Novice: 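My structure is below; once you've seen it, I'll send some questions.
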Protein chains: 2
Amino acid sequence: MYNRYIMTVTIKDIAKKANLSPASVSRILNNRGRFNDDTAKKVRTIAQSLGYFKNQSAADLSQKQSRVIGVLIPTAHTNFADEIIKGMQNKAYENGYELLITFLGNDHQQQMQTVKALLSRQLLAIFMLAVDITLPIHQLIKTSNIQVLSISNQLNDGIPSISSDNYDMMSQIVNYLYDHGHRQMALIGSSMIEPVVATVRRQGFIDALAKHNIKYNPDFIWGNNISYELGLQTIPHYGTPLPFTAVISSADIISIGILNGAKDAGLQVPNDLSIISIDGTELTQLTRPILTNAKQNFQLMGELAITALINNQLSTNTAIYTDIEIIAGQTIRTLKDS
Amino acid sequence: MYNRYIMTVTIKDIAKKANLSPASVSRILNNRGRFNDDTAKKVRTIAQSLGYFKNQSAADLSQKQSRVIGVLIPTAHTNFADEIIKGMQNKAYENGYELLITFLGNDHQQQMQTVKALLSRQLLAIFMLAVDITLPIHQLIKTSNIQVLSISNQLNDGIPSISSDNYDMMSQIVNYLYDHGHRQMALIGSSMIEPVVATVRRQGFIDALAKHNIKYNPDFIWGNNISYELGLQTIPHYGTPLPFTAVISSADIISIGILNGAKDAGLQVPNDLSIISIDGTELTQLTRPILTNAKQNFQLMGELAITALINNQLSTNTAIYTDIEIIAGQTIRTLKDS
DNA sequence: AATTATAATGTAAACGGTTACAATAATAAT
DNA sequence: ATTATTATTGTAACCGTTTACATTATAATT
């Protein structure tokens, strides 16, 4: 039977070999405190030769605090999670933090277990990427006293967040469409009741229309989930000819559905329908025509998340916004003086 | 100044309140050993009320082994990583394992740091998803004595792997195309020298052609990376009319590039060109026409990974294969008796 | 050369949980 | 009632690293 027991090399082994105390070895290996450069060199050589790996658990225990940030990602394929993590990871490493990334299952039971496992590490903070947590989980996190931050999503209850300013985003988008001559526009995929983001987007949409004296048609806000299928169903839902000239799609994946739905219905984009896609991930570049989009700066969100943590800015009700940028693609038609 | 110090609740606190020893509390909370049901109930209530969270670091330290599996994912957007993780996560939780997911940056320096951070946890194993590691990193992992497994990718040096049988996959694909009347076919995105997978696919392709007495044309194996751009360039590279009737694309993202490149060149898919896409992620369902694909069973790979770990099957040279399935889409034309 | 300042290293306790073993309590058997 | 058996709980050492404080070595100053 294969013996799985492994003689781990500890700091004591190194100390013995170097005729030093474990304390000195620890200091050297962590570049903390004072030590002689020659001894340091020796110690590092020995560590290397013995194949030493720090036991981070022991270190965490000893220091009563880790430099680990727990990151929660929804299992549902969100293709921008990568971008946020990319942003975080760079900044995190620069500052000596580690990320513990965990996919949050959809099943509630499993979610609970996941979060519990996360909390039982001595985490510095929990970052939630585009996650809409349920109340019990929210409370679970709260009792843990760990700092929390919601990225790319806004939650209620004063949980600090880093996201786009969804209200302003809608204003920019509506203005953009207006400037291109559009007067009748629909908002797809934001009619969910609960999530703050959906609410804010709706309100931003309505208010922006009002600023242009466009009367708001409740039928033009439709779709209570974020999915490809929703996009596919959009055009059949409204029927042709469409009662509007442009749609604002709440996510790239929806936009792709709309594009395909248009093709199925024999509509030309952007001639028969203009589309602007919220998110602006690489998905928007894979379509023909290329999707005009309101690009969120996900990578920056990730970076700012770490910065905020470092600067101790994660207090209740903090809301940090990153700018969006409207990237012209090929899905917006300019209407002559309508 | 806000005080970030947090009074953590330990099992000693619980013990005190319950008039028990820490040992008993530990046993109860872990469902290990013997204890009285009533005491257990009491302890659990107290734990709850105090907001106790296990300090996993301490537990890991004490037990000299954790139940944490380190998972490495390339930062480059691989859209099937999610599927593998989904598979792993379920099985892992069922068996009391935790996953520590880490994105592996592209910069070598950062990769090193990432892997080192991983290794300094008392990991049970490291699973690498579609990762092609560099030699130094490989050696780093080796010295750690931690079990390693490569998922969806085969590496050399006897590292155990779970993947599709890429040789057989090519045979199935070629047969499929042959059965649909194709005689001239190209393989795109597998001419890299180093990765085992590319080598195996090339050989499988060549051998499969030979079985049908098709003479192999070296020009028809092209493209040494996996990217959308490679797909886009494919048709310009060969020029029209194309010297083949079908392409095998080594990844979905390449396939999308080819589709768009075809559109740009005024070619009709599948009339002017048939495409079969290796991987079969959801991306294949987002295109028009829908991509016919050789679907790899990523979720199963994830599940099997955990199973293999449990059954202690991760010995050198182990290679576990999962079946592929050819999913008919709309990108394969049937040629009349050519 | 003696004294002072500084650099380098050592000592020992602590972090929170686990577990082999010992001790005690409860129950069963005689 | 006494002893044997079993159930429950306690004791104490240990996991590997860190760090406040103490000690010793080295360099600087007089």
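Per chain, numbering begins at 1; letters A, B, ... match sequence-line order. Keep in mind that this is a model prediction, so the values were computed, not measured.
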Novice: For Thr134(B) and Ile137(B), what are the C-alpha separation, side-chain angles and deciding distance, and is it a side-chain contact (heavy atoms from CB on, under 4.5 Å)?
Specialist: CA-CA 6 Å; Thr134(B) 58; Ile137(B) 292 183; 3.5 Å; yes
Novice: Would you indicate, yes or no, if dT18(C) has its OP1 or OP2 atom less than 4.0 angstrom from a side-chain nitrogen or oxygen of Ser26(B)?
Specialist: yes
Novice: Strictly under 3.5 Å: I want the nitrogen or oxygen pairs between protein and nucleotides 4-7 of chain C, one per line.
Specialist:
unit_1: dA7(C); atom_1: OP2; unit_2: Arg34(A); atom_2: NH1; d: 2.7
unit_1: dA7(C); atom_1: OP2; unit_2: Arg34(A); atom_2: NH2; d: 2.9

Novice: Check whether any side-chain N or O of Ser24(B) sits under 4.0 Å from OP1 or OP2 of dG10(D), and answer yes or no.
Specialist: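 Checking dG10(D) against Ser24(B), a side-chain N or O does come within under 4.0 Å of OP1 or OP2.
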Novice: Spell out yes or no: do the side chain of Ser62(B) and the base of dG17(C) have one donor N/O and one acceptor N/O closer than 3.5 Å?
Specialist: yes
Novice: Can a side-chain donor-acceptor contact be found between Thr318(A) and Gln313(A) if the only test is distance below 3.5 angstrom?
Specialist: no
Novice: Rounded to whole angstrom units, what separation is found between the CG atom of Leu20(A) and the P atom of dT11(C)?
Specialist: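 My rounded result for the distance is 11 Å.
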Novice: Out of dG16(C), dT9(C), dT19(D), which nucleotide sits closest to the side chain of Ala23(A)?
Specialist: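 Comparing dG16(C), dT9(C), dT19(D) against the side chain of Ala23(A), the answer is dT19(D).
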Novice: How many Å lie between CG on Leu61(A) and P on dT18(D), as a whole number?
Specialist: 11 Å
Novice: Does any part of the side chain of Phe298(A), heavy atoms only, come nearer than 4.5 Å to the side chain of Ile85(A), both counted from C-beta?
Specialist: no
Novice: Answer whether the closest heavy-atom distance between the side chains of Glu83(A) and Thr281(A) falls below 4.5 Å.
Specialist: yes
Novice: Using a 4.0 Å heavy-atom cut-off, does Asp60(B) contact any base of the nucleic acid, only the sugar-phosphate backbone, or nothing at all?
Specialist: nothing
Novice: Between Ile28(A) (CD1) and dA8(C) (P), how many Å, whole number?
Specialist: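 Roughly 10 Å, once rounded to whole Å.
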Novice: Applying side-chain hydrogen bond (donor to acceptor under 3.5 Å, both in side chains) to Asn297(A) and Asp323(A), what does each step give before you reach the verdict?
Specialist: CA-CA 7 Å; Asn297(A) 201 336; Asp323(A) 289 336; over 6 Å; no
Novice: Any non-hydrogen side-chain atom of Ile133(A) less than 4.5 Å from a side-chain atom of Met128(A)?
Specialist: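 Ile133(A) vs Met128(A): side chains touch.
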Novice: Is the base of dG10(D) touched by the side chain of Arg27(B) through a donor-acceptor pair closer than 3.5 angstrom?
Specialist: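 Between dG10(D) and Arg27(B), which were checked side chain against base, a qualifying N/O pair under 3.5 Å is present.
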Novice: State which of dG17(C), dA12(C), dT9(C) makes the closest approach to the side chain of Tyr52(B).
Specialist: dG17(C)
Novice: Reckon Lys64(B) has a side-chain N or O less than 4.0 Å from the OP1 or OP2 of dG16(D)?
Specialist: yes
Novice: Less than 4.0 angstrom between a side-chain N/O of Thr8(A) and OP1 or OP2 of dG16(D), yes or no?
Specialist: yes
Novice: dA20(D) C1' sits how many Å from Arg32(A) CZ, rounded?
Specialist: 14 Å
Novice: Do Ile162(A) and Leu149(A) come within less than 4.5 Å of each other through their side chains, counting heavy atoms only?
Specialist: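 When only atoms from C-beta onward are counted, Leu149(A) and Ile162(A) do touch, with a gap below 4.5 Å.
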Novice: Please report, rounded to the nearest Å, how far the P atom of dA20(C) is from the CD atom of Gln63(B).
Specialist: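 To the nearest whole Å, that distance equals 11 Å.
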Novice: For Ser57(B) and dG17(C), is the shortest distance between a side-chain N/O and OP1 or OP2 below 4.0 Å?
Specialist: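 False: Ser57(B) side-chain N/O out of range (4.0 Å or more) of dG17(C) OP1/OP2.
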Novice: Checking all strands, does Leu29(B) fall into the base, sugar-phosphate, or nothing category for heavy-atom contacts under 4.0 angstrom?
Specialist: nothing
Novice: Please state whether the phosphate of dC15(C), meaning OP1 or OP2, lies under 4.0 angstrom from any side-chain nitrogen or oxygen of Asn55(B).
Specialist: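 For dC15(C), OP1/OP2 do not have a side-chain N/O of Asn55(B) under 4.0 Å.
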Novice: Between Asn55(A) (side chain) and Ser57(A) (backbone), is there a donor-acceptor pair under 3.5 Å?
Specialist: yes
Novice: Dump the intermediate steps for side-chain contact (heavy atoms from CB on, under 4.5 Å) on Asn153(A) and Val196(A), then the final yes or no.
Specialist: CA-CA 8 Å; Asn153(A) 193 23; Val196(A) 177; over 6 Å; no
Novice: I need the single residue from Ile46(B), Ile14(B), Val43(B) that forms a side-chain contact (heavy atoms from CB on, under 4.5 Å) with Tyr52(B). Which is it?
Specialist: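 Testing each of Ile46(B), Ile14(B), Val43(B) against Tyr52(B), the sole residue satisfying side-chain contact (heavy atoms from CB on, under 4.5 Å) is Ile14(B).
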Novice: Checking all strands, does Asn19(B) fall into the base, sugar-phosphate, or nothing category for heavy-atom contacts under 4.0 angstrom?
Specialist: sugar-phosphate
Novice: By the 4.0 Å heavy-atom rule, please label Asp37(B) as base, sugar-phosphate, or nothing.
Specialist: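 No contact.
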Novice: Please report the distance, rounded to the nearest Å, between CG in Asp13(A) and P in dC15(D).
Specialist: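 Interatomic distance, CG of Asp13(A) to P of dC15(D): 11 Å.
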Novice: Measuring from the side chain of Thr10(B) (C-beta onward, heavy atoms only), which nucleotide among dT17(D), dT18(D), dG17(C) has the closest atom?
Specialist: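 So the nucleotide nearest the side chain must be dG17(C).
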Novice: If you check every side-chain atom of Ile11(B), which of dT18(C), dG16(C), dT18(D) has the closest atom?
Specialist: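 Nearest to the side-chain atoms of Ile11(B), counting from C-beta on, is dT18(C).
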Novice: Would you mind reading off the distance between Lys42(A) atom NZ and dA8(C) atom P, rounded to a whole angstrom?
Specialist: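 Rounded to the whole Å, the gap is 14 Å.
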Novice: Which residue, Pro22(B) or Lys12(A), contacts DNA chain D at a nucleotide closer to its 5' end, judged by nearest heavy atom?
Specialist: Pro22(B)
Novice: Report all interatomic pairs (protein N or O, nucleotide N or O of nucleotides 24-28 of chain C) with separations under 3.5 Å.
Specialist:
none

Novice: I want to check something: taking the side chain as every heavy atom from C-beta on, are Tyr321(B) and Met301(B) in contact at a cut-off of under 4.5 Å?
Specialist: no
